[in-house]
Undergrad: 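I have a structure I would like to understand better, so I am pasting it below and will then ask my questions one at a time.
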Amino acid sequence: MWQKSNIVSYRHFRTARRGLLVGGIQLGFCGLLAWRMHHLQVEKADSFRLVADENRINLRLIPNQRGEIYDRNGVKLAGNEASYSITMVAEDAGDIDLILERLSKLINLSPEDIKRSKAELNQSAKFLPVTIVDRLEREDIEKIAFNAPMLPGINPEIAFSRTYPLGEIFAHVVGYVGPVSTRDLELRKDPDPLLRIPRFQIGKVGIERELENTLRGKAGTKKVEVNALGRVMREIERKEGSKGANLKLTLDTNLQAYVRARLGNESASAVVMDCNSGEILAIFSSPAYDPNKFVRGISFDDYGTLRDDNHRPLASKTVQDAYPPGSTFKMVTILAALEAGIINHRDKIRCNGHVEVSNRKFHCWKRDGHGNVDLVKSLRESCDVYYYELAQQVGIEKIAEVARILGLGQSYDIEMSAVTSGIVPDKLWKLSARSREWVVGDTVNSSIGQGYVLASPLQLAVMIARIATGNEVLPRLIESINGVEADIETNRLKLNKNNLILVRKALFEVTNDKRGTAYDSRVLTKKSQIIGKSGTSQVRNISAVERTRGVLENKDLPWEQRDHALFVNYAPYDDPKIAVSVVIEHGGSGSTFAAPIARDITLQAIYKGTPPITAYPIEDRAKIYNQQRELKKLMPRTTKSSKVQA
Amino acid sequence: MSYLEYRVKTIPAGWRKVLFMNWGLIALIIGAAFSGFAMLISVAGGNIEPWALSQMQRFSIGLLTMFIIAMTPIWIWRNVSVPIYMLAIVLLLLVEFLGSTGMGAKRWINLGFINLQPSEVAKIALVMLLAAYYDWLPADKVSKPLWILVPIAFISLPVLLVLQQPDLGTSLLLLLSGVTLMFLAGVHWVYFGTVIAFTGGFVLALFKSRGTEWQLLQDYQFSRIDTFLNPDSDPLGAGYHISQSKIALGSGGWTGRGYMEGTQSRLNFLPEKHTDFIFTTIAEELGFIGTISILAIYVGIMIFCLHSALRHRERFSSLLTLGLTMTFFLFFSVNMSMVMGLAPVVGVPLPLISYGGSAMLVLMGAFGLIQSAHVHRPRDKA
């Protein structure tokens with residue numbers, strides 16, 4: 001008995017000892033738990049409470065209206081059109097199939113719409129609205145509102161979609177909007193939260209894109225308390241957004257429409273500027289496209305047609321394409337020579353039809369030559385040899401300097417997409433861009449706007465405007481933002497005034513002297529006399545073999561190999577108001593094809609409408625009369641809509 | 001000492017037994033349960049439905065069960081521990097074949113009036129069997145290798161069955177309480193040292209096995225471990241539970257947002273806010289004061305049980321009480337650790353507070369056993 005109880009107490013002792021140990025560990029762990037509680041709940045309380053509030057309070061965006069775009073006379077170029085859509089909330093609807101069936105009796109519902117809606121309704125949370133159809137007519141919405149008791153869960157919604165009432169007339173300038181893409185988001189450092197809304201529309205091209213931030217405005221916000229599923233429990237706070245700024249452009253719809261009609265089916269571009277303020281009155285690239293198609297989502301086929309057209313309707317040729325300026329560049333060369341003091345207006349150079357420079361023959365466009373040529377004659381009759389000789393004496397650096405002063409070789413701060421800076425070549429440029437030494441032949445080529453020289457139609461318009469006024473004219477497209485006009489100041493050009501006058505006088509003869517290359521495009525009325533220069537720029541090399549056989553006529557060449565036709569001009573002579581540049585891709589001779597178009601556009605701009613027939617030379621009046629009648633048919637009927645608000 | 005040697009006369013009999021129950025323990029249990037009711041009402045947005053009312057009914061049944069078990073002499077419980085263990089194994093096998101699947105695992109068996117979770121029953125049954133085994137086994141054989149294999153087999157069987165469901169959390173808890181009991185029974189230190197070393201190796205192997213053909217855990221189990229180790233890596237996905245519950249806990253502060261004012265739980269940011277994650281609601285609404293009070297209640301229950309266990313002169317009672325205390329401790333400590341981000345998310349409820357029938361009933365049964373051992377302990381003549 002004694003022995004046995006001894007064993008008992010021994011075992012008891014061991015159990016008690018280990019029991020105490022285990023209990024101690026347990027209590028120790030409880031201490032750890034208490035410490036952790038204190039750490040989480042007291043020490044880090046503030047940061048966690050903040051997170052909890054963020055969790056609970058959700059910021060919702062209320063999309064606002066995008067700013068509208070008007071022309072200089074208040075014609076609406078881009079607006080927001082109310083479009084109606086209907087949504088369904090599954091949990092309110094109950095029997096989805098029944099409601100959809102009733103709905104299809106009231107409005108036009110395609111089977112695809114029904115199928116897609118059902119799929120979306122089944123996928124998303126029961127309390128979230130799903131769009132059944134959009135872009136409905138007002139009558140449809142009225143029908144639905146009338147039958148509302150029969151259609152639980154169905155809600156009509158109003159949304160705004162972007163429209164361009166004038167269609168393709170302003171396609172390249174105004175551009176279009178489209179849904180935000182992931183690329184759009186990547187391009188922005190700190191994107192506006194609005195952009196995160198699915199299918200939110202932002203500017204993709206043109207002013208819509210370049211002034212996106214101005215046009216977008218500010219989204220309204222509402223703070224709502226949500227549960228974990230995202231269901232809104234209540235609204236805490238609401239801040240209304242503000243509409244985007246309205247833009248008033250310097251463009252004139254009537255003139256722009258005329259330019260479009262006049263350019264017709266050519267692959268061409270034209271820029272009309274106010275010489276003094278730099279305001280762009282019309283800037284059109286032909287052919288164009290309908291921006292509304294892009295807003296709705298263009299079909300693959302339609303897009304393919306636009307993309308594969310060899311007239312490149314998607315390209316904004318006025319600013320994004322640069323062409324060899326051809327003879328229109330001669331004003332640059334002659335000004336460089338005058339500035340350098342190498343010649344005066346009386347100096348003559350003999351033209352035999354070609355000149356040899358470092359064993360290469362450079363030809364004048366006139367095979368037999370011009371004989372003795374002075375400054376006026378060189379421009380009037382566009383003698384190439386005169387410039388070949390001048391350029392060799394002036395050197396490329398001076399020519400490039402004057403070209404830059406006249407606005408070439410630089411891109412302007414203008415609100416259009418992909419604005420090119422063109423090329424004004426010099427020795428350094430060739431070394432870095434082509435890794436070759438500059439040779440005299442390059443200078444000779446450049447002197448007549450061939451070779452490496454490239455300029456966009458906008459740059460050509462700026463160039464002639466600067467020659468016309470002697471001011472550093474800068475192009476402007478935006479007249480005012482929300483009614484606020486930007487300040488402009490113009491500086492004088494760093495060119496000798498007398499030299500400019502000499503050039504203007506010579507240019508006057510181009511269009512107003514019987515011997516001038518563009519005499520056929522003269523204007524009789526003094527108030528609208530045009531002063532300009534044509535250019536015909538080669539896009540191919542003419543081989544020696546071809547020269548001996550006789551250079552092929554443009555009409556005998558395939559379209560892609562024909563010369564570009566250019567014309568730049570200003571008007572009127574004594575008080576320059578309008579500057580115009582016209583480039584017709586593969587149009588042939590500049591004086592024959594581009595000059596009449598530039599003349600018509602200039603007259604249209606000066607008379608702010610159809611010019612009197614008496615402005616034209618007598619022999620052309622019959623033709624012009626018919627042309628004016630034809631073009632009027634092509635012009636859209638624009639009513640001078642309400643003036644810009646704000 | 002066997003029960004035959006009891007000085008039976010020192011043990012209270014009849015209704016007098018009620019007076020000798022551990023009333024402090026009962027008071028704490030009721031306190032914990034009532035805190036639970038209050039929280040379930042709060043979680044339901046101030047309504048007694050759907051959780052609080054049925055929880056009250058279950059607690060009443062549980063309380064009754066506890067009294068009935070407590071009135072039954074402890075030696076009877078010792079003698080039926082083998083059948084109870086066998087019953088638990090049979091239930092675990094049944095759940096394997098007939099059980100209903102919930103949240104990717106077969107855990108429940110429908111008995112008509114109650115959805116029983118056999119793994120809960122197994123927790124108690126295992127402790128009872130091991131306590132009875134070591135009560136029967138002479139002291140000098142406790143550390144003999146052969147006599148160690150027997151309890152290992154007892155433990156392995158339910159552990160493997162539960163792992164099969166699969167329920168890693170519960171099987172680990174079963175393993176841990178079984179091994180603790182062996183330790184309490186006096187098995188030599190060396191064995192535990194060896195086991196710990198091997199476990200370390202095993203855990204290493206577990207992680208190494210990931211992605212290979214002999215992968216030892218299911219993908220979701222690995223992902224739980226991942227999210228435990230770094231919950232902020234995927235706050236809306238796999239780490240959601242832990243992140244949100246830490247937010248709820250932290251936003252409570254000293255005194256909380258106030259009863260029924262918690263945003264995290266009421267707005268459903270917290271999953272299973274009425275079951276496994278109810279502690280977060282307490283934390284958010286009642287703050288540090290609330291949570292530390294709950295912890296204090298649990299510690300109080302543990303201390304009463306430990307105190308009772310250490311006074312037992314009888315081996316079965318002592319081991320049983322200590323083992324059940326361990327089970328209880330594992331319940332609440334694992335739940336709290338999980339909620340506070342100290343342990344991976346495993347499906348362990350907060351004892352006496354979380355909504356749930358099986359766990360409540362089994363727990364009250366366990367307290368019944370502890371009370372029975374307390375009431376029927378041999379007393380020295382004063």
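Here is the naming used below: chain letters follow the sequence lines, and residue numbers restart at 1 for every chain.
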Undergrad: Taking the side chain as everything from C-beta on, heavy atoms only, tell me whether A/Leu21 gets closer than 4.5 Å to B/Leu184.
TA: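 Result no, sub-4.5 Å side-chain heavy-atom pair not found.
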
Undergrad: May I ask you to name which of B/Leu306, B/Thr291, B/Asp140 has the most heavy-atom pairs under 4.5 Å with chain A?
TA: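 It is B/Thr291.
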
Undergrad: Short question: side chain of A/Arg36, backbone of B/Met340 - any donor-acceptor pair under 3.5 Å?
TA: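 Indeed, once roles are kept as given, a pair shorter than 3.5 Å links the two residues.
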
Undergrad: What's the spacing between A/Arg18 CZ and B/Trp189 CH2 if we round to 0.5 Å?
TA: 5.5 Å

Undergrad: Check whether B/Phe183 gets within reach of chain A through its side chain, its backbone, both or neither, counting any heavy atom under 4.5 Å.
TA: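 Looking at B/Phe183, backbone and side chain both touch chain A.
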
Undergrad: Side chain from CB out, backbone as N, CA, C, O: work out which of these in B/Leu330 comes under 4.5 Å of a heavy atom of chain A, or both, or neither.
TA: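 The answer is neither part of B/Leu330.
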
Undergrad: Which region of B/Leu322, side chain (C-beta onward) or backbone (N, CA, C, O), has a non-hydrogen atom less than 4.5 Å from a non-hydrogen atom of chain A, or is it both or neither?
TA: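 For B/Leu322, side-chain heavy atoms alone lie under 4.5 Å from chain A.
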
Undergrad: Could you give the distance from CE (A/Met37) to CE (B/Met336), rounded to the nearest 0.5 Å?
TA: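 It comes to 4.0 Å.
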
Undergrad: Check whether any side-chain heavy atom of B/Thr325 lies under 4.5 Å from a side-chain heavy atom of A/Gln26, and answer yes or no.
TA: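 With C-beta onward as the side chain, the pair touches.
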
Undergrad: How long is the span from the CG atom in A/Leu32 to the OG atom in B/Ser333, to the nearest 0.5 Å?
TA: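 Those atoms lie 10.0 Å apart.
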
Undergrad: Please classify the contact of B/Thr180 with chain A as side chain, backbone, both or neither, using a heavy-atom distance under 4.5 Å.
TA: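 Interface part for B/Thr180: side chain.
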
Undergrad: Would you say B/Ile303 and A/Leu27 make side-chain contact, with heavy atoms under 4.5 Å?
TA: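 In short, these two side chains touch, coming nearer than 4.5 Å.
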
Undergrad: Rounded to the nearest 0.5 Å, how far does SG of A/Cys30 lie from CZ of B/Phe332?
TA: 3.5 Å

Undergrad: With rounding to the nearest 0.5 angstrom, report the CG to CG distance, A/Leu33 to B/Leu295.
TA: 6.0 Å

